[in-house]
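Worksheet: the structure to be examined is printed underneath.
Just so it is clear, the structure is predicted and the values come from calculations on it, not from any experiment. In this chain, numbering begins with 1 at the start of the sequence shown.
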Amino acid sequence: MTRASPRRPWASPRCRWWLEGCPLDGLLLDITGWTAEEIQTGVALMTELGQFGPGGRALYDPRPGERNRWDWSGDTP
């Protein structure tokens, strides 16, 4: 994952998805090589920034109508 920055060039929207909402708001997730099914399913990303601290996961699901953005849907241990 990378933080978006105007000084940092990044690949096309097909390769990186925006994460929106806590705890990883504003980060880009590199999805290069993922299948369409994996992209449509969403992700559970390990982070120490969520409700459950180190080892916890932040859940992100695809945003309807915006193919390169995922919205936070909660945390899980």
Test side chain to side chain contact (heavy atoms under 4.5 Å, CB included) applied to Thr41 - qualifying residues, sequence neighbours left out: Glu37
ILVMFWY cluster, Leu59 and Ile39 together (side-chain gap under 4.5 Å): no
Close side-chain approach of Tyr60 and Leu29, heavy atoms under 4.5 Å: no
Partners passing side chain to side chain contact (heavy atoms under 4.5 Å, CB included) against Glu20 (at least two apart in sequence or in another chain): Trp18, Asp25, Arg63, Arg69, Asp71
Check: Pro23 and Asp75 side chains under 4.5 Å, non-hydrogen atoms: yes
Any side-chain heavy-atom pair of Trp34 and Val43 under 4.5 Å: yes
Listing, residues 45-58 side-chain donor-acceptor contacts under 3.5 Å, not counting sequence neighbours, or none:
{"unit_1": "Thr47", "atom_1": "OG1", "unit_2": "Leu49", "atom_2": "N", "d": "3.0"}
{"unit_1": "Arg57", "atom_1": "NH1", "unit_2": "Ala44", "atom_2": "O", "d": "3.2"}

